[in-house]
Trainee: 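One structure, pasted below without further comment.
Chain naming here is simple, since letters A, B, ... match the order of the sequence lines and numbering starts at 1 in each.
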Amino acid sequence: MSAFFDMGGYAATVWPAYGVTIAILVALVVVSVRSSRRRHRVLERLERETRRQRDP
Amino acid sequence: MTTSFHRLANPARFQKFARRALPWSWAVAVLGLGSGFVWGLALSPADYQQGDTVRVMYVHVPAAWMAMACYALMALLSASFLVWKHQLAGIAALAAAPVGACFTAIALITGSLWGKPTWGTWWVWDARLTSVLVLFFLYLGYMALAGAFDDRLRGLRAASLLALVGIINLPIIKFSVDWWNTLHQPASILRAGGPSIHASMLWPLAITALGFAAFLVAILLVRIRSELALWRTEALMRRQTRGMT
């Protein structure tokens with residue numbers, strides 16, 4: 001098991017490469033999904049208001 | 001192909017397509033990346049020359065492919081925005097730019113980590129590395145230009161032009177390893193005569209690449225829907241202020 005984590009002496013190359021990849025992908029998902037939810041909430045509120053103004 | 005592309009330019013049809021495609025693309029992305037990473041890290045063999053550093057390939061190579069595929073897509077969408085005035089295409093290109101920048105950053109960082117033990121340096125200013133850095137700046141430039149105008153549509157038009165001009169960089173990246181002397185190794189997968197690496201490494205690479213591609217589709221769908229919500233909100237707000245005056 002420790003041989004696996006040691007990566008034949010290249011632990012400092014292999015693990016950061018995978019870590020950076022996963023970190024960037026996860027950050028991209030979190031930022032994109034959050035901003036999408038926020039924008040959809042704003043849009044839905046505005047659409048409700050517009051409907052109310054049109055036919056009160 | 002062209003007809004289905006034009007059909008998707010209708011926002012309502014796009015939303016329907018996105019709702020159906022999203023769960024599938026997320027599933028393939030998680031399965032592909034998960035199994036590909038385990039395969040690449042634990043089950044595939046070490047290289048007889050590079051040792052375990054070769055495992056960086058399973059993140060570096062697909063990320064670089066996606067960085068280029070994303071740019072090609074962005075340029076195609078920008079062209080369709082400029083030529084056919086498909087606003088959805090322009091918005092989709094806008095949604096794709098940060099994704100492409102992220103893939104390019106992954107390719108650059110993992111490549112740098114890989115370069116240190118194999119080449120003895122984090123960075124060289126050779127044709128391949130420099131042209132990929134240019135790709136990164138093209139993405140950043142596109143985003144900056146798109147956001148630089150008060151009128152979003154004007155900004156998008158200017159950025160779309162940049163995206164089209166920048167497409168010249170793609171063949172330069174692809175053939176840089178053949179045209180110039182470089183530390184970077186030439187293509188071993190997408191080459192005439194077929195892949196030159198062993199199946200024990202080709203399979204995990206293919207699975208990871210599939211995962212990356214599905215991730216690209218999923219994140220693009222999320223981000224395009226997000227941009228659409230923003231543009232629709234602003235259109236409604238403009239209509240409201242016009243109604244008040």
Trainee: Less than 4.5 Å to any heavy atom of chain A: does that hold for the side chain of B:E227, its backbone, both, or neither?
Mentor: both

Trainee: Name the option with the most non-hydrogen atom pairs under 4.5 Å to chain A; the candidates are B:V54, B:V56, B:L33.
Mentor: B:V56

Trainee: Heavy-atom pairs under 4.5 Å with chain B are the metric here; pick the option from A:L25, A:V20, A:V42, A:I22 that has the most.
Mentor: A:L25

Trainee: What pairs with A:V29 under side chain to side chain contact (heavy atoms under 4.5 Å, CB included), at least two apart in sequence or on another chain?
Mentor: A:V33, B:W26, B:F215, B:I219

Trainee: A:Y10 and B:T118: side chain to side chain contact (heavy atoms under 4.5 Å, CB included), yes or no, with the steps?
Mentor: CA-CA 11 Å; A:Y10 291 116; B:T118 38; over 6 Å; no

Trainee: Hey, could you give me the CZ/CZ distance between A:R39 and B:R225, rounded to the nearest 0.5 Å?
Mentor: 12.5 Å

Trainee: Can you tell me how far CG of B:L41 sits from CE of A:M7, rounded to the nearest 0.5 angstrom?
Mentor: 5.0 Å

Trainee: Evaluate whether atom CH2 of B:W123 has more than 12 neighbouring non-hydrogen atoms of other residues, nucleotides or ligands under 6.0 angstrom away.
Mentor: yes

Trainee: Say you draw a straight line from OG1 of B:T233 to CZ of A:R41; how long is it, rounded to the nearest 0.5 Å?
Mentor: 12.0 Å

Trainee: Below 4.5 Å from any heavy atom of chain A, which atoms of B:A46 appear? Answer side chain, backbone, both or neither.
Mentor: neither

Trainee: Please tell me if the side chains of A:L28 and B:F103 come closer than 4.5 Å, counting only heavy atoms from C-beta onward.
Mentor: no

Trainee: Supply the atom-to-atom distance B:L220 CG to A:S32 OG, rounded to the nearest 0.5 angstrom.
Mentor: 9.5 Å

Trainee: Between B:C102 and A:I24, what is the shortest heavy-atom contact and its length?
Mentor: CB-CG2, 3.8 Å

Trainee: Among the options B:I109, B:V99, B:L113, B:T110, pick out the one with the most heavy-atom pairs lying under 4.5 Å from chain A.
Mentor: B:L113

Trainee: Can you tell which part of A:A12 gets under 4.5 Å to a heavy atom of chain B, answering side chain, backbone, both or neither?
Mentor: backbone

Trainee: Out of curiosity, B:R239 CZ to A:T50 OG1, how far, rounded to the nearest 0.5 Å?
Mentor: 8.0 Å

Trainee: Decide side chain to side chain contact (heavy atoms under 4.5 Å, CB included) for B:L236 and A:E47; before the verdict, give the C-alpha distance in whole Å, the side-chain angles of both, and the deciding distance to 0.1 Å.
Mentor: CA-CA 8 Å; B:L236 278 175; A:E47 278 177 336; 3.6 Å; yes

Trainee: Does B:W65 CH2 have over 12 foreign heavy atoms under 6.0 Å away?
Mentor: yes

Trainee: CE of B:M237 to CG of A:L43: how many Å apart, nearest 0.5 Å?
Mentor: 11.0 Å

Trainee: In chain order, what residues pass the salt bridge (charged side-chain N to carboxylate O under 4.0 Å, His left out) check against B:D52, with sequence neighbours excluded?
Mentor: B:R55

